[in-house]
Amino acid sequence: MKNKYSIFSLIKNAFSYHEYWQRAWRDPEPKKEYDAIIIGGGGHGLATAFYLAKKHNMKNIAVVEKSWIGGGNTGRNTTIIRSNYLWDASAGLYDHALKIWESLSQELNYNVMFSQRGVMNLAHNLQDVRDLKRRTHANRLNGIDAVWLNTEQVKKFCPIINTSPNIRYPVLGGTLQKRAGTARHDAVAWGYARGADEMGVDIIQNCEVKGIKRKGDSVEGIETTKGFIKSKKIGVVAAGHSSVIAKMVDLKLPLESKPLQALVSEPVKPIIDTVVMSNAVHAYVSQSDKGELVIGAGTDAYVSYTQRGSHDVVEGTLKAILELYPIFSRMKMLRQWGGIVDICPDASPIISKTHIKGLYFNCGWGTGGFKATPGSGDLFAHTIANDEPHKLNADFNINRFVSGDLVDEHGAAAVAH
Amino acid sequence: MLNYNSTIIEAKEYSDIKISEVEPTLKINLRGKNRDFVTKIGKELSIILPTDPNTSSGNKELNLLWLSPDEWLIYSNDKNNLETINSSEDKLFNDISKTKLGSVTNVTDHWIMINLKGPKIFDMLSAGCPFNFNKFKYSKGAVTQTLLNHVDVIIHNKDINNLNLFVRRSFSNHLWLWMNDSARFV
Amino acid sequence: MFLINCPYCGERDQSEFSAGGEAHIVRPKQPTELSDDQWAEYLFMRKNIKGVQFERWNHSHGCRKWFNMVRDTSNDKIHAIYKMGEKPPIK
Amino acid sequence: MSRNLRITNNKFIDQTSRISFKFDGKTLYGFKGDTLASALLANDIHLIGRSFKYHRPRGIMTCGSEEPNAIVQAGNDASMTEPNTRATEIELYEGLEASSQNCWPSVNFDIGAINNFFSPLIPAAFYYKTFMWPANFWKLYEYFIRKSAGLGKSPTQPDKDIYDHRYLHCDVLVVGGGISGIIAAKTAAKNNLNTVLIDDKNNLGGTTIFQQNECFKINNSYSNEWLKKEIETLNSIKNLTIKTRTTLAAYHSYNYLLARENLTDHLDLNERKDKIRQRLWKIRAKKVIIATGAMERPLIFNNNDRPGVILSYSIKKYIDYFGVKCGQKISLFTNNDSAYETAISLSNSGVSVNSVVDIRDRTNSLIVQQAEKLGIKIHWKSAVVNTNGYKKITSIEIMKLSDDDTTVVGKKIKQECDCLGISGGWTPRVHLFTQSGGKLKFRDEDNVFLPDKSELDQISIGSCNGDFELDSVVKNSVISTNKFLKVNNNDYENLKINSSNEINKKNIWLLPSNKPLGKTKPFLDFQNDSTANDVKLALREGFKSIEHVKRYTTTGMATDQGKLSNMHALGIIAETADVKMGELGTTTFRPPYTPLTFGAIVGRNVGEFFDITRRTPMHDWHAKHNAEFENVGQWKRAWYYPIENESIHEAVQRESKAARDSAGILDASTLGKIDIQGSDASEFLNRVYTNAWSKLEIGKCRYGLMLNEDGMVYDDGVTTRLGENHYIMTTTTGGAANVLGKLEDYLQTEWPELDVYLTSVTDHYATVSICGPNSKKIISKVIPDLNLSDKEFPHMSFRNALIDNIKCRVMRISFTGEHSYEINIQSSYGKSLWEKCFEAGKEFDITPYGTETMHLLRAEKGFIIAGQDTDGTMTPVDLQMDWIISKKKYDFIGKRSLYRSDTIRDDRKQLVGLLTDDPNVVLEEGAQIVLETKKQPIEMLGHVTSSYFSPNLNKSIALAVVKNGKKLKGQKMFVPMKNKTINVTITDTVFLDKENKRLNA
């Protein structure tokens, strides 16, 4: 194993002024051929490569990234991790991921700072209450820790929330998943990259895919800015750009790519020690290790690849934040940015084979993909390695849009997260 | 006897801004496309239907506001009694809707009409309205449909610094409070 | 916030409009004749173009009219706007 | 030791008006016009705070918004305190109380400083490499990490201040009131363009306004005097608006810009009451001229972060503008000419300048000559290799640079000083330009990124466009502005400009040291404590992209967003990785330019204005009669009417019983109402509803179900045929706007051939619904001349009527299963009609009921509520409403989707009734339903959608969706709750009056 990270390695390297740390990952030129190529060097793509190598013994694989790894939605999201989803299929998928999160730092020997500070979802009207209770019951029977809190319990768990009955949309209660929380987004990408690289995976940055070569109904390889790379298995994990890749093989996906905005405040001493989400007034907030309030805004209603969104989306979100936390009025927005999220009509992802042999898609994560990163990678690796889905992602096939058997999570995922 | 209830409490005056409700006034929504419709309306009301976007026409009694290529709002300048409102609605309905020329709908109580007067009214509006009033300000008779503090409104420029603003009844009380609040800070 | 030139009302702030997705997806005249795949194509499958895309917008807080827009989704630049039923001014 | 650090002859500070303020509890004095920073410096206070990671003492480094170190907690009132405010931007006011941040117990003695000792152990990103063992200790580690992170403290009480917004539309927006901004604004305004000029300072003039130097003259007068006259003329120009204390925060596409105006922060506390604190201007400009100037760069060398190390030009501003000496023995360290301006200003004000250390070979530009004339000592081709002192700099160490500038040579000169001015050249403020999507180009000669291509109608002028010499600034600003505005303004033709031009340019990103790099601390990002070593470490570990390095080392991610550090980070990366800087690209600058309070972004949309409140015409009556309200969308609906201290349950039981036993009255005004006219109205309804409409008689009503194209139930309601081509449709309260929008969409885009017009009349009508066995009697009292016989006025029909001469429509429809009427009357008379009906009903104890009772009553009859019993996954078939799907119709919205392989399955989840074995147990809405409780995992077959205790049946009833429910009637099932399991049986959905006898009772 390349130098293991630990307090001891830090001390050791301190004596040599940290001159001798090894590279976290190599910077290889693409080989002629790989057993599998993953398009997209985000968390999901790198995790896929990691598990292909680790669990399916496929070492000769490459991850191609058009820019720098972890620079897409992985590095732009608000890092919320939870598994309290409504439908069995979703609950299975996201809780599988959550279980991996719980030991990921050790698995990767890279501290991803998974912080199980709990995620609370607030209810502001009677239908919210019905929906959230329905979810809580479903979660309980699916073995997912989620409890219903009344208004007093909400206040107790997060005292800075304004639970006054006199606000426009009073807090009528909420659900709490204690195992849920946040993690350090960059660390996830870098940890998986380091781990995959160590098992021989080539991580090729600044390498843009220009085309996908087909022979009959199966794939042969990809045309890139670094030349043609041969492979019989191609897994696409391009998030907002999935449709762009699909177009290369005349494949249409049920996706729309929209700007999703987020922002952080200036750092302050700890003031909120959990994650609070609210669909009805549309706001969610947590505090990062650095002390910044991390706030997620919504998506715009139109397709855009600009990584910029409309100001009114940010205004709308902060308005909701101040409704729930009037004490934040004098806090300052430090930085605001956008990501491009690919959204499915049923707000659930696609982890699926396609009608083209050897071509696999992992997309449609919409506003909530980060939380699934380890599970998504694991299941996608399984799907690619065995050319058939794992039972946990079987329901997330492309064909559901033809049969009508959707996994409609709108109730559970109406707010960007 | 049924009595009339307004949503709005009382007229308010601020330095350079006066806000008051004008009620009850006849308001009728007109829809139609073809030329016959346009000419028919012209005859009925002896006012030419404005076909240029964001404009209006009218006479002493009535105003015709352009709302869209096939939609107009008629409203009267002065308070009307119910008879006038009903009779003019019925007449138009029979001559336009029944004859399949278009549609005629009484929206007298759908919209609340609020009059805004004073040199500072546009500053007050600019606190919550993305519309560019720079030209509108000086063009008498101009009409716009836009958002004011997230509420749909129709604004009719009656005269210099004298506007009639239409807001749906169920929103009117909220918007009224907002306008008064905003007027404080002009 | 875009500045959108409504074909009826003129230039207005984006907040007066609502987006209606990809344009020129005509509702099949005889849905019952379609296979599940063809129907799914109409219902769900989208071009989701990065670059010049044709889309529908509605001046929902103005004249309430729908119209078409040609917009480059890679930089949000609006190339053209035309009324429903009209031919796209550019290919 | 309050030495007098003020010079008296100063035009910008009013030394007659003394202001008292507190810093860290100590009372100090300053003058009107001071910033907190200038006042502190005047009091000889340099130690302001502690750094983020190592807790090193830090002082004031700049005089503006790029300040990384001197950030303080302003105010200590729990609701008004503000964290992380820059001392360099706070205008001094009477009563200001500021304190240091990120230190404990005090800035002078800070326990955290121990981190500095451990610094070798905690290089960039060390936290990714440790705290992993033992795994379950992470929670503990994290607690301490978080405790030590964060700078200031959030307020703990709601803000008392008010913020608001203003939209502004202009022809030309000029950002920045320096010399070029003023030239541009004047040019635009004088050419009849509606112009706005904004500047973030409290007065115009930029850096020129305090530039009184022989070398810089315009028409033979000092540049500052010339500019002063220019500014005076501005007031007389019409259609020019000037906004000071206004910071451009964000520049979005389509020339949409956000600017924050500070209205009260500079006022004494007692002058602020009832005033707007900050106003956010939402600006839409046809053209934008950016004239935001340039920022001075620091120099990167060992211990370049001590209090007393200040950017050279800031020292100049403090002396020339604020009349404050930053020290009395000042040394300067530079790679360019501007430090000599500082030296000259200082010695003109009688401050002794030890020497100027210049990394360049001897140069003799005018300004350098002038400095030499004043006898200022210069160390050519030398560098400062170290600074000494802890809480304040005490001395510097100077060495000669080797010929190739890679090392330092010769003997070390130690120089005592109490302040070191550093200047690493200038960085154009291109932030706004890039925010707007503009692309940058790199200029090698002086290592600056400059505006290149932009999609928008904008230009950059002055030093933010790379002009650094007075003559080029003025000349180019004039030319570009005229060209950009397509005007020909000749005010500035043949100006005579003297300017000292820099001859010799040289830059070293990381200065050589006499110690090995690992042993030094050359800071890049002062606030986040990232050093050149950290950047090099990141590169060694394979983080090549600038974004990677930035994230790995946190360089440029502090509250100054890297204004001071980005260029050097890039430079060092380029050098180390041996790439050209132009090719390396830059990190993206994201809005806002300087941090923006949430309050300003939200404006007045707080409290009562957080969201619109819609009220029905009868609202006041409900309120007066003690109603509790339910939020339905933006509507306030009467939920229930508790009498005395009834609980919701008691009230609802009473209301429900009364409605069935005698009479109940409900405010149904919130239902959406759409007037439909046109010769194709019937055909239109055929296409939007699942059932057929052509044959509906005039005067009759019919219930309709509307689907989405995906076949799922979307909305429902009763539609009445008023005439041959005239219908009125009702929608659900929540669905009203969407339904109208959707129908308009189909009409305009899919079916333009249909002659149909839709007009919303939701607000025009108030709707009073009266139900119960006595409803007929009550209506006959209210409308005596209306024939109410079942024959004349049967169920599902309507009649026009007059009440006190006011037109209204009476519908005989029922959502409760009772004999009932709905009266629609124009809203102005709604409240009055309601009261009239209430009066008429008194003898029958007519009972007002709210939405909760309405839900209960309809559940007894098994009527669905779209949105409660459906969730976007239910087809009409799933709802056991097959009867409403017309088989004859060729097509309707959503029809095709009903025949997909999944939607035709007959074992889908279907709506059923549910009875608890124990009639007193009321199920929880949302509870799950299972057939098998033993085996794990438990398969969930459905859930409870509606559940009530029915006072009329005297038992608990529920509606639910259950997999294959249609076939399971009579089936025993289980509802597993947290601590018990409830036994239930599947039943028919209609619990009461299956034969519908009550309708005509």
Side-chain angles (χ1 to χ4, degrees), chain B residues 1-7 23-24 27 29-34 70-71 82-83 85-86 89-90 93 96-98 100 102-112 123 125-135 149-151 167-175 177-178 181-182 184-185, chain D residues 162 164-170 194 274-276 279 282 284 603-605 608-609 611-617 619-620 634-635 669-670 675-679 723-726 755-766 803-807 825-833 835-836:
Chain B
M1 190 65 204
L2 292 182
N3 40 35
Y4 182 97
N5 286 99
S6 154
T7 56
E23 38 80 43
K27 302 181 201 78
N29 186 282
L30 284 179
R31 302 288 303 271
K33 293 196 176 77
N34 54 40
D70 62 359
E71 184 167 13
L82 271 165
E83 285 66 24
I85 294 182
N86 291 338
E89 177 199 357
D90 295 342
F93 185 83
I96 303 293
S97 185
K98 285 251 170 83
K100 300 184 183 178
S103 85
V104 173
T105 316
N106 183 350
V107 289
T108 297
D109 281 2
H110 187 70
W111 297 103
I112 296 293
D123 300 276
L125 294 176
S126 74
C129 182
F131 181 74
N132 181 354
F133 288 104
N134 292 352
K135 278 203 180 59
N149 180 43
H150 317 290
V151 179
V167 54
R168 287 174 63 170
R169 194 181 208 276
S170 58
F171 295 86
S172 57
N173 188 282
H174 179 90
L175 190 65
L177 293 173
W178 181 88
D181 177 78
S182 149
R184 276 165 58 210
F185 300 111
Chain D
I162 310 169
D164 79 350
H165 294 163
R166 285 283 185 279
Y167 285 88
L168 190 159
H169 302 260
C170 61
N194 158 8
D274 297 330
K275 294 202 179 91
I276 299 282
R279 173 164 288 165
K282 299 177 170 181
R284 187 74 78 168
R604 290 295 290 138
N605 300 313
E608 64 178 315
F609 299 123
D611 193 16
I612 296 155
T613 305
R614 296 179 70 180
R615 295 182 179 79
T616 74
H619 184 91
D620 297 347
Q634 293 173 321
W635 284 101
S669 308
T670 61
D675 182 279
I676 305 172
Q677 296 177 40
S679 45
E724 178 58 29
N725 310 314
H726 192 192
D755 171 40
V756 175
Y757 298 105
L758 309 175
T759 308
S760 168
V761 287
T762 302
D763 295 42
H764 179 65
Y765 291 106
I803 301 176
D804 299 345
N805 219 11
I806 295 161
K807 273 183 169 178
I825 191 163
Q826 49 181 112
S827 300
S828 309
Y829 299 93
K831 180 156 174 280
S832 186
L833 173 63
E835 285 159 342
K836 190 184 176 85

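Labels below follow one simple rule: chain letters A, B, ... track the order of the sequence lines, proteins then strands, and each chain is numbered from 1.
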Looking only at non-hydrogen atoms, find the nearest pair between N3(B) and Y829(D) and report the distance. O-CD2, 3.5 Å
Give me the atom names and distance for the closest heavy-atom approach of F185(B) to I162(D). CZ-CD1, 3.8 Å
Could you grab the distance from atom [atom1] of [X] to atom [atom2] of [Y], nearest 0.5 Å is fine?
X	Y	atom1	atom2	value
S172(B)	R614(D)	OG	CZ	10.5 Å
N173(B)	H619(D)	CG	NE2	8.5 Å
N29(B)	Y757(D)	CG	OH	11.5 Å
I85(B)	K807(D)	CD1	NZ	10.5 Å
I825(D)	L2(B)	CD1	CG	5.0 Å
N605(D)	W178(B)	CG	CH2	9.0 Å

Go through the atoms of N134(B) and report whether side chain, backbone, both or neither lie under 4.5 Å from a heavy atom of chain D. side chain
Let me see the working for R184(B) and D164(D) under salt bridge (Lys or Arg N to Asp or Glu O under 4.0 Å), right down to the final yes or no. CA-CA 12 Å; R184(B) 276 165 58 210; D164(D) 79 350; over 6 Å; no
Which of [options] touches chain D most, by non-hydrogen pairs under 4.5 Å:
options	result
N106(B), N149(B), V104(B)	N106(B)
H150(B), H110(B), R168(B), R169(B)	H110(B)
N86(B), T7(B), L175(B), V151(B)	N86(B)
S182(B), S6(B), G128(B)	G128(B)

Residues which pass ring-ring contact (aromatic ring centres under 6.0 Å, His included) with H169(D), listed by chain and number, not counting sequence neighbours: none
Below 4.5 Å, heavy-atom pairs only: which of I676(D), T762(D), D755(D) has the largest tally toward chain B? T762(D)
Options S760(D), A766(D), S669(D), G830(D), ranked by heavy-atom pairs under 4.5 Å with chain B, top entry: S760(D)
Using heavy-atom distances under 4.5 Å, tell me whether R284(D) contacts chain B through its side chain, its backbone, both, or neither. neither
Test side chain to side chain contact (heavy atoms under 4.5 Å, CB included) applied to S103(B) and T759(D), step by step: CA-CA 9 Å; S103(B) 85; T759(D) 308; 4.3 Å; yes
When you look at Q634(D) and F171(B), which way does the side chain to side chain contact (heavy atoms under 4.5 Å, CB included) test go after all the steps? CA-CA 9 Å; Q634(D) 293 173 321; F171(B) 295 86; 3.9 Å; yes
Determine whether the aromatic ring centres of residues H726(D) and F93(B) are separated by less than 6.0 angstrom. yes
Using modelled atom types and a 3.5 Å cut-off, is there a donor and acceptor pairing between side-chain atoms of H165(D) and backbone atoms of A127(B)? no
Do any N or O atoms from the side chain of D109(B) and from the backbone of S827(D) form a donor-acceptor pair under 3.5 angstrom? yes
Is there a side-chain contact between [X] and [Y], using heavy atoms and a 4.5 Å cut-off?
X	Y	value
S170(B)	T616(D)	no
M1(B)	N805(D)	no
R604(D)	D181(B)	yes

Determine whether the side chains of N5(B) and S828(D) contain a donor N or O and an acceptor N or O closer than 3.5 Å. no
Does a side chain donor of either Q826(D) or T108(B) reach within less than 3.5 Å of an acceptor in the other side chain? no
For D70(B), salt bridge (charged side-chain N to carboxylate O under 4.0 Å, His left out) partners two or more places apart: R31(B), K33(B), K65(C)
Test H174(B) against F609(D) for side chain to side chain contact (heavy atoms under 4.5 Å, CB included), laying out the working first. CA-CA 8 Å; H174(B) 179 90; F609(D) 299 123; 4.1 Å; yes
Salt-bridge present (E724(D), K100(B); N to O < 4.0 Å): no
